[in-house]
Amino acid sequence: MRNIFRGKTLFLLFLTLVLTVGSVAPVFADAALRGYSKGAGYEYVAFGSYPTDADGTVRPILWRVLKADSGEAWLLSEYVLFGSPVHGDYEHYQGWEKSDLYMYLNSVFINDAFTAAERAALVNRTEDNALVTLITSDEMKDASIGFSSNNARLCESTAYAKILPDPPIFELPKTNNKGRWQPLYVYSKGHKYSPWWSRTRSVDYPHEQRRVMDEGKIGRISTGNSDLGVRPTVYVDLTRLTIGSGSGTMDNPYQLLPIGAAPAVVETPTQPEEEPADSAVDVPEVPVPSEEPQGDGIPIIDFSDETYDETLTDDPDTVPPGAYDQVEDDFYYTGEDDASAQSGGIPPLEEAPAAQGGFTGTVDAGSLNENFPPLTAQGFLPEGEAEFVYANENEGLWLYASQTLRIEIKKFVSTNQNNKPGNWYEAQIYVKDLSELFDLYPFDKDHYKSYGDRYKTDAYKIAAQHHLVFALNTDYFIYRVERDHEESYDYPLGVVIRNGEILGDRPKKAGTTVYPPLDVMAFYPDGTVSLHENATVSAKDLLAKGAVNTLSFGPILVENGEVSPRSSQFGSTMNPRTAFGVVEPGHYVVVLTEGKANGGEGQSCSWMAEKMAELGCQEAMNLDGGDTAMMLFMGKKINVNKTKNGRPQNELLGIGHSDAVR
């Protein structure tokens with residue numbers, strides 16, 4: 001690094017690690033260090049050195065001690081030291097041990113960060129046979145080393161890491177480079193925390209790597225993204241080191257020195273430190289770019305619908321609209337090459353759902369909310385009366401009635417199993433006949449399969465565009481279309497049918513354990529639905545049986561009136577969620593849980609399943625959540641999202657039309 005970046009002029013705020021250097025007698029490090037404990041927290045050491053300040057000033061690297069026993073210590077860098085992809089040619093990623101970043105850490109970085117005597121104290125204790133590596137995704141969740149919560153995984157970066165114009169790694173192959181380097185990504189306006197890599201490859205997505213993301217959650221992302229941080233980890237032989245100074249705190253860390261070395265304040269070198277030629281680790285030749293990489297950028301996609309200790313999601317979350325520069329028209333996927341339907345190996349449906357009509361029951365007048373006007377025996381307005389609308393946010397009550405539609409929405413204020421706010425909304429929707437059915441309403445019907453900000457907008461605008469009385473989010477399939485366009489492999493789309501047209505027919509692998517499983521809910525013209533686990537039905541089969549629309553997300557929550565086992569197999573963490581269910585044709589239920597706002601968390605999929613079954617649903621499925629989760633009444637969003645208007649949408653699932661919604 002020093003030889004690569006010496007002479008560059010760098011600007012921005014800088015971070016200084018201050019070492020208190022005293023005249024104390026050295027003590028052997030293995031006799032003094034301890035690992036993490038829940039009561040005492042971490043001890044900190046300074047070992048090696050690396051550019052830290054915005055101007056490239058080299059300072060000691062600050063490490064937290066994860067474990068210390070048997071004469072060895074396991075150290076993790078306290079800060080992100082630089083941003084980098086795991087592998088530039090991500091389309092041909094063959095695993096961590098063959099990645100660019102692995103090679104860089106154990107060739108260039110190891111010589112830049114450590115002297116020959118310091119390198120002699122490094123030991124290999126990981127399965128990847130590396131002296132410098134990253135921690136695994138399992139270790140990111142290990143409470144015994146302090147990672148017991150999302151907050152524990154939050155990591156700041158050095159000032160130097162934030163302003164690097166290019167990652168300190170090999171040039172991306174021009175034929176596979178999808179864009180220029182992105183600077184290290186930081187979350188929040190205060191530029192405080194950064195995402196950071198693990199060394200764990202995604203099991204289901206071979207070109208992706210596990211990483212810490214927004215709010216300390218664990219997700220996955222393409223190995224080609226350059227704006228994620230590198231937080232090295234090393235094991236050291238403490239019998240080769242002494243403590244030269246310090247008290248082991250973050251502000252005054254122990255200074256680990258090779259035996260015989262004297263404590264010294266590390267100054268900014270005017271020349272690269274000279275090392276004996278035979279003591280350095282072999283450094284492969286690093287190609288120097290001959291021209292600026294070309295392309296439109298690899299967008300960073302976040303998956304914050306879940307707390308990723310247990311499950312994953314395809315749901316992006318933290319990238320704000322407009323975070324990336326506008327790109328040319330040809331960057332957007334126009335959907336001209338529709339995916340071919342998949343039918344091989346998938347059994348056809350045995351029979352189509354029986355034809356049904358609207359809600360045929362009668363209503364006990366005593367069960368109706370007292371704010372409703374007089375209604376018919378079926379619970380609808382008499383002929384000739386104007387639509388009835390009641391909205392009281394303070395009361396948490398929203399009501400609607402017309403000659404063909406009745407809606408009652410209630411807000412419930414409560415806490416979840418973690419004693420965090422777990423508020424939810426219950427919507428009961430009744431339709432009189434087939435003139436009122438749930439349907440999918442696009443923002444741009446001419447570009448239904450096109451992705452990009454121009455093809456999405458705030459949900460309330462789509463509701464106003466179609467004058468929708470009631471609406472909710474869908475499966476956000478457009479995100480998977482985007483990923484499919486970016487990746488060289490066939491990204492799972494699920495079974496996607498819109499208005500009788502197949503937009504995607506590519507399920508996940510059968511038996512997937514990755515959230516969302518892409519289970520399918522099919523909608524029929526008679527108001528019925530059918531549920532199908534991932535990879536058990538094709539789009540062609542569903543069309544043949546009369547389906548007009550599908551939602552592909554999951555898991556299935558309720559089937560045949562019983563809680564589905566899949567509800568406990570996916571989405572076990574607390575998060576904002578949306579569920580859609582059918583009690584009987586003409587009677588529908590929507591439940592939405594809030595979270596990630598006002599200190600809330602949301603609920604699990606198993607909680608959602610129990611709630612939908614309790615409300616009488618015969619079939620119910622989980623839809624997209626996180627900042628996508630939203631419920632709209634008369635064109636206004638009634639739930640609270642992490643962002644003011646929630647995630648921009650390309651469509652809504654809605655019912656009822658009113659000229660009052662504009």
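No hydrogens, no waters, no symmetry mates; every other heavy atom, side chains included, goes into these values.
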ring-ring contact (aromatic ring centres under 6.0 Å, His included) partner of His207, chosen from Tyr90, Tyr93, Tyr489: Tyr489

Can you tell me how far the CE atom of Met521 sits from the CZ atom of Phe553, to the nearest 0.5 Å? 13.5 Å

Asp624 side chain vs Thr474 backbone, donor-acceptor pair below 3.5 Å: no

Does Val514 offer a backbone N or O that forms a donor-acceptor pair with the side chain of Lys508 under 3.5 Å? yes

Hydrogens and angles aside, do Thr643 and Asp627 bring a side-chain donor and acceptor to less than 3.5 Å of each other? yes

Going by distance alone, is a donor N or O of one side chain under 3.5 Å from an acceptor N or O of the other, for Ser552 and Thr550? no

What I want to check is whether the side chains of Arg64 and Tyr42 have a donor and an acceptor closer together than 3.5 Å. yes

Which value, rounded to the nearest 0.5 Å, describes the distance between Thr593 atom OG1 and Asn639 atom CG? 9.5 Å

Salt bridge check: are Glu426 and Lys611 linked by an N-O gap of less than 4.0 Å? yes

Going from CG on Asp138 to OG1 on Thr136, what distance comes out if it is rounded to the nearest 0.5 angstrom? 5.0 Å

Distance alone, cut at 3.5 Å: any donor-acceptor contact between the side chains of Trp424 and Ser414? no

Hey, mind stepping through Tyr476 and Lys456 against side chain to side chain donor-acceptor pair (under 3.5 Å) and telling me if it holds? CA-CA 11 Å; Tyr476 206 64; Lys456 294 180 287 187; 3.3 Å; yes

SB check Glu156 Arg231 (cutoff 4.0 Å): no

From Met140 CE over to Leu76 CG, what is the distance, rounded to the nearest 0.5 angstrom? 9.0 Å

Do Glu559 and Ser564 get their side chains close enough for a donor-acceptor pair, meaning under 3.5 Å? no

Separation between NE2 (His87) and OG (Ser222), nearest 0.5 Å, reads 10.5 Å

Verify the neighbour count for atom NZ of Lys637: are there more than 12 heavy atoms of other residues, nucleotides or ligands below 6.0 Å? yes

Minimum-distance pair of heavy atoms, taken over all atoms of Thr158 and Thr52: CB-O, 3.6 Å

Nearest 0.5 Å, please: how far is CD in Glu594 from CG in Asn641? 8.0 Å

Consider only side-chain N and O atoms of Asn473 and Thr628, and report whether a donor and an acceptor are under 3.5 Å apart. no

Taking atom types as modelled, find out whether Asp142 and Ser144 have a side-chain donor-acceptor pair closer than 3.5 angstrom. yes

Do you see a donor-acceptor pair shorter than 3.5 Å between the side chains of Thr573 and Asn575? yes

Would you check if there is a donor-acceptor pair between the side chains of Tyr515 and Asn622 at a distance under 3.5 Å? yes

